[in-house]
J.: 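Please find one structure pasted underneath; my questions will follow.
Naming: A, B, ... by sequence-line order, numbering from 1 per chain.
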Protein chains: 2
Amino acid sequence: MALTREQVVDQAVEILDSYGMADLSMRRLGDALGVKAGALYWHVANKQSLLAAVADRILSQVVGQQMAIADPAAALLLWGGGLRRVLLAHRDSAELVATALASGLCEKDPTEDPRRWLVEAGLDQQRAGWAAQAVLHLVLGHVSEEQNILVMKQLGLLPGGASGSEGFDFALRCLVEGIARQLP
Amino acid sequence: MALTREQVVDQAVEILDSYGMADLSMRRLGDALGVKAGALYWHVANKQSLLAAVADRILSQVVGQQMAIADPAAALLLWGGGLRRVLLAHRDSAELVATALASGLCEKDPTEDPRRWLVEAGLDQQRAGWAAQAVLHLVLGHVSEEQNILVMKQLGLLPGGASGSEGFDFALRCLVEGIARQLP
DNA sequence: ACCTGAACACCGTTCAAGT
DNA sequence: ACCTGAACACCGTTCAAGT
């Protein structure tokens, strides 16, 4: 049977989880699928769009809460925490998602839900967009660092010990409180 | 005369500014210096530490304000804005600084000043560190996006028009206000 | 329609050997 | 001390040709 674009993305996620972003090359991906690297270009325009598809796959696992109107601040906190949890489940995902989003090739806009909640809470479109982007940047930056530290620990360059999420929670709470104060 | 590590870093910054991070390869850097790529490894351990040196060079341009005790929130706003200004002066610098800081090879810790101000304002060491990191992540994330959009516009993939700093200012103000509310 | 073979134009890094 | 030459083991991408 012929290869599917879905199988290509599946295998890419698998390589990412097992070996990290540095080992996610078109050649290795081809090998893992029993196919020459050039064959992948039948299913995917280029590596950038492959990475975008991987990012979309990962971001689709983030749940959209419904508790918007009830308390937008609580919803933002839950959303940020959920996004972090999903990212931590895939090696190097924060960096990958950041670059993929920057490339403009992702189909999903992860800030869509929080933006809507903020608009429903009375913020204008522009400020809502800015605030949602800020939360996204904070989460991606923090998780990116968490994942880099994880790698260092595994290489023995850093002492072990679970990192915990207090730092993330504190930072996210600060930002969300500041955003909440802008609501009418 | 023989090459200097300083000249290597200088030329690297020049290539970064003129051609972007993708064109900053050891081979191109060697060519620009009239030297084979392998020769660079006499002055620099590897590419990662070269990038760290470039990041240090850029970060050294950020001014450390003195107005800490007077008003820590105002100091954080000024610092964030100053960091953004410095980053916007060097192409692709936000992404480069983010990866360089993540590598742990940078000499300078850019959060040192803001962390100290927050401690002087009464925050404990841990929270001060978390808050300063949060501001850094927000700035790097935002400027990274600004610089990517700039590239897209230059390639004609996005309509022109100056972007302005309102989005950045709003996001930074939200975070800093949230941090200020944690002060005793 | 889907894949191979083979090439093109690159990478970072190492290291004997030159000066 | 500092650099060249030349190699090693990789990249992403293209594209005629096969099936």
Side-chain angles (χ1 to χ4, degrees), chain A residues 1-16 18-55 91-92 95-96 98-100 102-106 148 151 155 157, chain B residues 1-16 18-55 91-92 95-96 98-100 102-106 148 151 155 157:
Chain A
M1 244 299 278
L3 211 54
T4 295
R5 189 188 148 96
E6 239 213 314
Q7 295 176 46
V8 174
V9 179
D10 280 348
Q11 189 61 252
V13 173
E14 218 150 292
I15 291 179
L16 181 74
S18 312
Y19 304 100
M21 204 176 168
D23 284 17
L24 180 48
S25 69
M26 298 302 272
R27 290 171 128 97
R28 274 202 67 156
L29 183 53
D31 282 353
L33 291 165
V35 111
K36 296 291 166 188
L40 298 175
Y41 289 83
W42 182 265
H43 301 94
V44 139
N46 47 37
K47 193 182 180 182
Q48 269 207 336
S49 62
L50 188 259
L51 292 182
V54 171
R91 175 125 68 130
D92 296 344
E95 203 190 323
L96 184 143
T99 49
S103 76
L105 294 171
C106 285
N148 276 118
V151 171
L155 293 177
L157 300 176
Chain B
M1 245 299 278
L3 211 54
T4 296
R5 190 189 148 97
E6 240 214 312
Q7 295 175 47
V8 173
V9 179
D10 280 348
Q11 189 61 253
V13 172
E14 217 150 292
I15 291 179
L16 182 75
S18 313
Y19 305 99
M21 204 175 170
D23 284 17
L24 180 47
S25 69
M26 299 301 271
R27 290 171 129 95
R28 276 203 65 158
L29 182 53
D31 281 354
L33 291 165
V35 112
K36 296 289 166 190
L40 299 175
Y41 289 83
W42 182 266
H43 301 95
V44 140
N46 47 38
K47 193 181 179 180
Q48 270 205 336
S49 62
L50 188 258
L51 292 182
V54 171
R91 173 125 69 130
D92 295 344
E95 203 190 324
L96 184 145
T99 48
S103 76
L105 294 171
C106 284
N148 276 119
V151 171
L155 293 178
L157 300 176

J.: Distance check needed: D:dC2 P versus B:Arg5 CZ, whole Å only.
T.: 14 Å
J.: Ignoring hydrogens and angles, tell me if any N or O in the side chain of A:His43 forms a donor-acceptor pair with the backbone of A:Leu3 under 3.5 Å.
T.: yes
J.: Is the phosphate of C:dG12 approached by B:Lys47 (side-chain N or O, under 4.0 Å from OP1 or OP2)?
T.: yes
J.: Tell me which nucleotide, if any, is Watson-Crick or G-U wobble paired with C:dC10 when both distances must be under 3.5 Å.
T.: none
J.: Distance-only, no hydrogens or angles: does the B:Arg91 side chain make a donor-acceptor pair with backbone N or O of B:Ser18 under 3.5 Å?
T.: yes
J.: For the pair made of CZ in A:Arg28 and P in D:dC11, what is the distance, rounded to whole Å?
T.: 8 Å
J.: Write down the partner of C:dT19 under the Watson-Crick or G-U wobble criteria, each distance required to be under 3.5 Å.
T.: D:dA1
J.: Let me know, please, whether A:Ala22 or A:Ala45 comes out on the 5' side of the other along DNA chain D by nearest nucleotide.
T.: A:Ala22
J.: Quick one: does A:Asn46's side chain have a donor or acceptor within less than 3.5 Å of a partner on A:Ser49's backbone?
T.: yes
J.: Can you tell me the distance, in whole Å, between the CG atom of A:Leu50 and the C1' atom of D:dG12?
T.: 12 Å
J.: If I compare all heavy atoms of A:Asn148 with all of B:Ala102, which pair ends up nearest, and what's the gap?
T.: OD1-CB, 3.4 Å
J.: In whole angstroms, how far is the C1' atom of C:dC3 from the CG atom of A:Leu40?
T.: 10 Å
J.: Measure across B:Ile15 and B:Arg28 and return the closest heavy-atom pair with its distance rounded to 0.1 Å.
T.: CD1-O, 4.1 Å
J.: Of the options D:dG12, D:dG5, C:dG12, whose atoms approach the side-chain atoms of B:Lys36 most closely?
T.: D:dG5
J.: Please measure how far the P atom in C:dA9 lies from the corresponding atom in D:dA9, and state the result in whole Å.
T.: 23 Å
J.: Rounded to whole Å, please give me the gap between CG in B:Leu29 and P in D:dC3.
T.: 12 Å
J.: Looking only at side-chain N and O atoms, does B:Trp42 come under 4.0 Å of OP1 or OP2 in D:dC3?
T.: no
J.: Taking the minimum atom-to-atom distance to the side chain of A:Arg27, which one of C:dA7, C:dT13, D:dC2 wins?
T.: C:dA7
J.: Could you check whether atom CD of B:Glu6 has more than 12 heavy atoms from other residues, nucleotides or ligands sitting under 6.0 Å from it?
T.: no
J.: D:dC3 P sits how many Å from B:Asp31 CG, rounded?
T.: 15 Å
J.: Please report the distance, rounded to the nearest Å, between CG in A:Leu3 and C1' in C:dC3.
T.: 10 Å
J.: Is the phosphate of C:dA1 approached by A:His43 (side-chain N or O, under 4.0 Å from OP1 or OP2)?
T.: no
J.: Name the closest nucleotide to the B:Tyr41 side chain, picking from D:dT14, C:dG12, C:dC3.
T.: C:dG12
J.: Once you apply a heavy-atom cut-off of 4.0 Å, does B:Ala2 come out as touching a base, just sugar-phosphate, or nothing?
T.: sugar-phosphate
J.: For the pair made of CE in B:Met26 and P in C:dC10, what is the distance, rounded to whole Å?
T.: 18 Å
J.: What nucleotide among D:dT4, C:dT13, C:dC11 has an atom nearest to a side-chain atom of B:Ala39?
T.: D:dT4
J.: Between A:Gln48 and B:Gly34, who's closer to the 5' end of DNA chain D by nearest nucleotide?
T.: B:Gly34
